[in-house]
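Take a look at the structure below.
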There are 2 protein chains.
Amino acid sequence: MSENVGITAPTCAIGYAFKAIEGKWKLPVMYVLSEHGTARYNEIKRELGITNMMLTNTLRDLEEFGLVNRVQYNEVPPRVEYSLTDNGYAIIPALKEFEKWGQLLLDAKPEAEEGENEND
Amino acid sequence: MSENVGITAPTCAIGYAFKAIEGKWKLPVMYVLSEHGTARYNEIKRELGITNMMLTNTLRDLEEFGLVNRVQYNEVPPRVEYSLTDNGYAIIPALKEFEKWGQLLLDAKPEAEEGENEND
DNA sequence: CAGTATCCAAACGGATACTG
DNA sequence: CAGTATCCGTTTGGATACTG
């Protein structure tokens, strides 16, 4: 495999974007950060129901891609705040489109396969 | 876990969108279909360098979500054509935003960590 | 509080063989 | 051609316990 053409080419914009958000948690974490502006480790964790390992790895990956800032305050108890970089922020329009799409999907699902409770 | 609030709530638009595209191949397959309009099984397979199992499973999942149409022609040799449904098509704006974002990321990466060859 | 370490399960991926 | 089935190794994800 590894045919480096089309989507899989390292210089392909959409392919690079896909790589940047690969994995289950990249987009959710970025979404939370986009909403909070700044969020602490356990804040993100609580909000997403993600495990330590996954959150740590996801944040590391996002840092390496230059999408997330990590600021550590040497206090007791320790405080670490995460936020989006400029490049990270730039994903928000895409996220908004995704949200609109998700809403469309929900609206187009009148059968409500799993929405047997409307006490919402 | 399974705190059904916020992003993880089944009625959350962005959460539902995340679920719909979960997995490594959903977006790439939808992207290929958005470009081709209609594509045959082996066409998608070649373009993405994806295995039979992964492609089959991905297409099934997308069908179940109502995002992809499968049209089978009873010819010899058999021909099966895949295309996006209306709901599937509706993801294109998001995809375009993603592409723009990917381009931004590529442009903002002058160091070219892996682009040691410019004979492209 | 913000992580690491460890172990285990599920998803992913490749090769090969087989089917309609 | 368009899959399905199986085996198997690797990667990713999750639960729990533990550390600075």
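The structure displayed is predicted, hence computed values, not measured ones.
- The side chain of A/Arg60 lies closest to C/dG3 when the candidates are C/dC1, C/dG3, D/dT4.
- The side chain of A/Trp25 contributes an N or O atom lying less than 4.0 Å from OP1 or OP2 of D/dG14.
- For B/Arg79 and B/Glu81, the salt-bridge test passes: some basic side-chain N is under 4.0 Å from an acidic carboxylate O.
- One can place NZ of A/Lys45 at 10 Å from P of C/dC1, the figure rounded to the nearest angstrom.
- The residue among B/Pro77 and A/Glu22 whose nearest nucleotide of DNA chain D is located toward the 5' end is B/Pro77.
- Nearest nucleotide to the side chain of A/Met53, out of C/dT6, D/dG3, C/dT4: C/dT6.
- Using modelled atom types, no side-chain atom of B/Glu97 and backbone atom of B/Ala94 make a donor-acceptor pair closer than 3.5 Å.
- The listed nucleotides are C/dG3, D/dA2, C/dC12; the one nearest the side chain of A/Arg70 is C/dG3.
- With D/dC1, C/dT6, C/dG3 as the choices, the nucleotide that has an atom nearest any side-chain atom of A/Tyr41 turns out to be C/dG3.
- Checked against D/dC1, D/dG3, C/dT6, the side chain of B/Thr56 finds its nearest nucleotide in D/dG3.
- Within 4.0 Å of B/Tyr82, counting heavy atoms only, lie sugar-phosphate atoms of the nucleic acid but no base atom.
- If you check C/dG14, C/dA2, D/dA2 against the side chain of B/Thr51, the one that comes closest is C/dG14.
- Using a 4.0 Å heavy-atom criterion, one finds that A/Met54 contacts the bases of the nucleic acid, with or without backbone contacts as well.
- Side-chain to base pairing of A/Asn52 with C/dT4: one donor and one acceptor N or O lie within less than 3.5 Å of each other.
- Note: CG (B/Asn57) to C1' (D/dT6) measures 14 Å, nearest angstrom.
- Across all strands shown, C/dT16 pairs with D/dA5; the Watson-Crick or G-U wobble distances both stay below 3.5 Å.
- Distance CD1 (B/Ile50) to P (D/dA2): 15 Å, rounded to an integer number of Å.
- For B/Asn42, taking side-chain heavy atoms from C-beta onward, the closest of the listed nucleotides D/dG14, C/dC12, D/dA2 is D/dA2.
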Assess whether salt bridge (Lys or Arg N to Asp or Glu O under 4.0 Å) is satisfied between B/Glu22 and B/Lys19, documenting all intermediate values.
CA-CA 5 Å; B/Glu22 195 163 75; B/Lys19 258 193 61 178; over 6 Å; no
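- With DNA chain C read from its 5' end, the first of the two nearest nucleotides for A/Pro78 and B/Pro78 is the one closest to A/Pro78.
- Aromatic rings from A/Phe98 and A/Tyr31 are positioned such that their centres are separated by 6.0 Å or more.
- For the OP1/OP2 pair of D/dA2 and a distance below 4.0 Å, the side-chain nitrogens and oxygens of B/Arg40 include at least one atom meeting the criterion.
- Using modelled atom types and a 3.5 Å distance limit, the side chains of A/Thr56 and A/Tyr41 yield a donor-acceptor pair.
- Contact annotation: B/Arg46 does not reach the phosphate of D/dA2 (side-chain N/O to OP1 or OP2, under 4.0 Å).
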